[in-house]
Asker: 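Please see the structure below; I have some questions.
Only a predicted model underlies this, so the values are computations on that prediction, with no experimental measurement involved. Along the sequence shown, residues are numbered consecutively beginning with 1.
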Amino acid sequence: MIDELKTLEGFRQEVRGWLQANLPADWQAKMRGAAEADHVAFQKFWFRKMMEGGYGAPHWAKEWGGSGFSFAEQIVLYEEIARAGAPRLILYFIALHHVYGTLMACGSEEQRRRHFPAVLTGDEIWCQGFSEPNAGSDLASLRCRAERRGDRFVVNGQKTWSSNAHHARYCLLLARTDPQATKTRGISYFILDLKTPGISLRPIKQITGEAHFNELFLDDVEIPAENLIGAEHGGWTVAQATLSSERGLTILELAERMRNGFGTLLRAAQSPAPIGGRLIDDDEIRRRLTDVHTRIQALRLLVNNMLGRVLRGEGAGVEPSIIKVYYSELLRDFTDLGVTLGGIGAQYAEPILMGGGNETGNWMQDYLYSWAWTISGGTSEIQRNIIAEKALGLPREPKLAGVG
């Protein structure tokens, strides 16, 4: 055990040294208010730099071009990435996590050989086609239809909230192939080439002014049968492999970024108050700082407990849902306090830090975006239902007659 800890500490120092030597010191200055094309170019540069260092695909098996790091080493790596304030590889998240996890669990050898090399060179950006206007958190209600015609499927329907689809070449697509089957049994999972005729994209402008979400419209789009992942009508099982592919490391990084970002709040609280003294001299400000700090420490304990269970091979249970709700609501309060401390200056529009975390110090932008976290990846309401049913053993939420 002691030798293992020494080895991990050596690995930590190695990662820390590499980041100090290779992370551009001016990246935030260059990416604050950067044009979309410049952001994409920098994401590609940083991903390739990470791959050169051996840190770009830490969870990928060595036989497929990854680093093959142990889970404990991956934890250390994400802690150090957060500590250094390195850019988040937003454009490559789906490819690195969901595509890899899905194809390793359910894909064919040919599908892996076709796509994995291009992902690791940074040439393939992927998006996800799961949610629909009437099938978001209740994903099993999706209506996008794929009809088999010989050696291909013809797809018609609509997808929404597809992050970075306007930059992607491929899409992980769920579509209904058996409309007569029960909700989860008639769904199939496909690789969709976004250059296929019949696909149109429409950006969704967010309250922050950004538009990295998209709607996808599919009109008689043909997908070769070889792009089916897993069994026909077995897409629901494949989707579970997709959604379990992150193993908690993303929330670990986000929790660490928030913990490191608390210093930004403290520095802001040292600013002069409008009526004299400092903001931190106000009892209410001190109470809110204490509340946020305490909850950040509790979040880290929750994440550590979940990761410990994974390390012991016990599975995460419902803890991801608990942590998702906890983090989402804490992020909202964290950034709201930032807006309060920023005063009138925080109300002005400021350039967005492209590739930054959720605590960039651009408080109004951070606060507005924090609300997305209570919706994306399953709303807080849905997460609470999961916790109630699976952890507390409460009865399922009643459905209206004829719905679902």
Asker: Mark yes or no for whether Lys324, through its side chain, and Thr379, through its backbone, hold a donor-acceptor pair below 3.5 Å.
Answerer: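 Not at all, since once roles are kept as given, no pair shorter than 3.5 Å links the two residues.
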Asker: Measure the CG-CG distance between Leu172 and Leu103 for me, rounded to the nearest 0.5 Å.
Answerer: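 The distance works out to 7.5 Å.
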Asker: What I'd like to find out is whether the side chain of Leu91 reaches to under 4.5 Å of the side chain of Val40, using heavy atoms alone.
Answerer: yes
Asker: Would you please test Gln128 and Thr242 for side-chain contact (heavy atoms from CB on, under 4.5 Å) and show each step?
Answerer: CA-CA 10 Å; Gln128 199 161 283; Thr242 301; 3.9 Å; yes
Asker: Is there side-chain contact between Gln206 and Tyr369, with heavy atoms separated by less than 4.5 Å?
Answerer: yes
Asker: Would you say that Leu299 contacts Ile323 through its side chain, given a criterion of any heavy-atom pair below 4.5 Å between the two side chains?
Answerer: yes
Asker: How about Cys171 and Ile199: do any of their side-chain heavy atoms sit closer than 4.5 Å?
Answerer: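 Not in contact.
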Asker: Before you tell me yes or no, could you show the steps for Tyr326 and Val303 under side-chain contact (heavy atoms from CB on, under 4.5 Å), namely the whole-Å CA-CA distance, both residues' side-chain angles and the distance that decides it to 0.1 Å?
Answerer: CA-CA 11 Å; Tyr326 194 92; Val303 173; over 6 Å; no
Asker: Less than 4.5 Å apart, any side-chain heavy atom of Leu19 and any of Tyr55?
Answerer: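 When only atoms from C-beta onward are counted, Tyr55 and Leu19 do not touch, as no gap falls below 4.5 Å.
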Asker: Atom CG in Leu337, atom OH in Tyr367: separation rounded to 0.5 Å?
Answerer: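 Rounded to the nearest 0.5 Å, the CG-OH separation comes to 12.0 Å.
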Asker: Quick check, are the ring centers of His98 and Phe93 under 6.0 angstrom apart?
Answerer: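 Yes, ring centres under 6.0 Å apart.
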Asker: Taking Arg286 for its side chain and Asp281 for its backbone only, find out whether a donor-acceptor pair lies under 3.5 Å.
Answerer: yes
Asker: Leu174 and Gly235: which non-hydrogen atoms are nearest, and at how many Å?
Answerer: CD2-O, 4.0 Å
Asker: Using a 4.5 Å cut-off on heavy atoms from C-beta on, say whether the side chain of Leu302 contacts that of Glu319.
Answerer: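 Heavy-atom side-chain distance check fails, nothing below 4.5 Å.
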Asker: Using a strict cut-off of less than 4.0 Å between a Lys/Arg side-chain nitrogen and an Asp/Glu carboxylate oxygen, indicate whether Arg384 and Glu381 qualify as a salt bridge.
Answerer: no
Asker: Does NZ or CZ of Arg332 come closer than 6.0 Å to the centre of the six-membered ring of Trp371, within 45° of the ring's axis?
Answerer: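 Arg332 over Trp371 ring: yes.
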Asker: Would Asn214 and Ser162 count as having a side-chain donor-acceptor pair, cut-off 3.5 Å?
Answerer: no
Asker: Between Tyr100 and Ala61 (side chain of the first, backbone of the second, donor and acceptor by atom type, cut-off under 3.5 Å), is there such a pair?
Answerer: yes
Asker: Would a distance-only check, ignoring hydrogens and angles, find a side-chain to backbone donor-acceptor pair under 3.5 Å from Asn362 to Pro351?
Answerer: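 Side chain of Asn362 to backbone of Pro351, a donor-acceptor pair under 3.5 Å: yes, one is there.
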Asker: Check Ala82 against Arg257 and note the closest heavy-atom contact, atom names and distance.
Answerer: CB-CG, 3.7 Å
Asker: Considering all heavy atoms of both residues, which atom of Ser188 and which atom of Leu228 are nearest to each other, and what is their separation?
Answerer: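 Taking Ser188 first and Leu228 second, the nearest heavy atoms are CB-CD1, 3.8 Å.
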Asker: Would you say the side chain of Asp38 lies within less than 4.5 Å of the side chain of Met354, judging by non-hydrogen atoms?
Answerer: no
Asker: Quick one: which of Arg143, Gln158, Lys159 gives a side-chain hydrogen bond (donor to acceptor under 3.5 Å, both in side chains) with Glu132?
Answerer: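 Exactly one candidate clears the test, Lys159.
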Asker: Any salt bridge linking Glu52 with Arg48? Criterion: basic side-chain nitrogen under 4.0 Å from a carboxylate oxygen.
Answerer: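 Salt bridge: no.
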Asker: For the SG atom of Cys144 and the CG atom of Leu216, what is their distance to the nearest 0.5 Å?
Answerer: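 These two atoms lie 9.0 Å from each other.
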Asker: Pick out which of Thr335, Leu289, Thr340 makes a side chain to side chain contact (heavy atoms under 4.5 Å, CB included) with Leu265.
Answerer: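 Looking at Thr335, Leu289, Thr340, the match for Leu265 under the side chain to side chain contact (heavy atoms under 4.5 Å, CB included) is Leu289.
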Asker: Do Leu341 and Ser271 come within less than 4.5 Å of each other through their side chains, counting heavy atoms only?
Answerer: no
Asker: Which residue in the set Arg114, Arg152, Gln111 passes side-chain hydrogen bond (donor to acceptor under 3.5 Å, both in side chains) when paired with Asn227?
Answerer: Arg114
Asker: How are the rings of Phe334 and Trp363 set to each other: parallel, tilted or perpendicular (split at 30° and 60°)?
Answerer: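 Aromatic pair Phe334/Trp363 classed tilted.
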Asker: Less than 6.0 angstrom separating the ring centers of Trp60 and Phe116, yes or no?
Answerer: yes
Asker: Under 4.0 Å between a Lys/Arg side-chain N and an Asp/Glu carboxylate O for Arg113 and Glu110?
Answerer: no
Asker: Identify the heavy atoms of Ala165 and Leu194 that sit nearest to each other, and give their distance.
Answerer: O-CD1, 3.9 Å
Asker: Rounded to the nearest 0.5 Å, how far apart are CD of Gln74 and CD1 of Ile81?
Answerer: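 Those atoms lie 10.5 Å apart.
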Asker: Check whether any side-chain N or O of Gln240 sits under 3.5 Å from a backbone N or O of Trp236 as a donor-acceptor pair, and report yes or no.
Answerer: yes
Asker: Salt bridge or not for Asp291 and Arg295, using N-O below 4.0 Å?
Answerer: yes
Asker: Answer yes if the side chains of Asn156 and Asp220 hold a donor-acceptor pair under 3.5 Å, and no otherwise.
Answerer: yes
Asker: Could you tell me whether a side-chain N or O of Asp123 sits under 3.5 Å from a main-chain N or O of Ala118, the two making a donor and an acceptor?
Answerer: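 Checking the backbone N and O of Ala118 against the side chain of Asp123, no donor-acceptor pair under 3.5 Å is found.
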Asker: Salt bridge or not for Arg83 and Glu79, using N-O below 4.0 Å?
Answerer: no
Asker: Apply salt bridge (Lys or Arg N to Asp or Glu O under 4.0 Å) to Glu124 and Arg169, showing your working.
Answerer: CA-CA 6 Å; Glu124 278 191 9; Arg169 172 61 190 271; over 6 Å; no
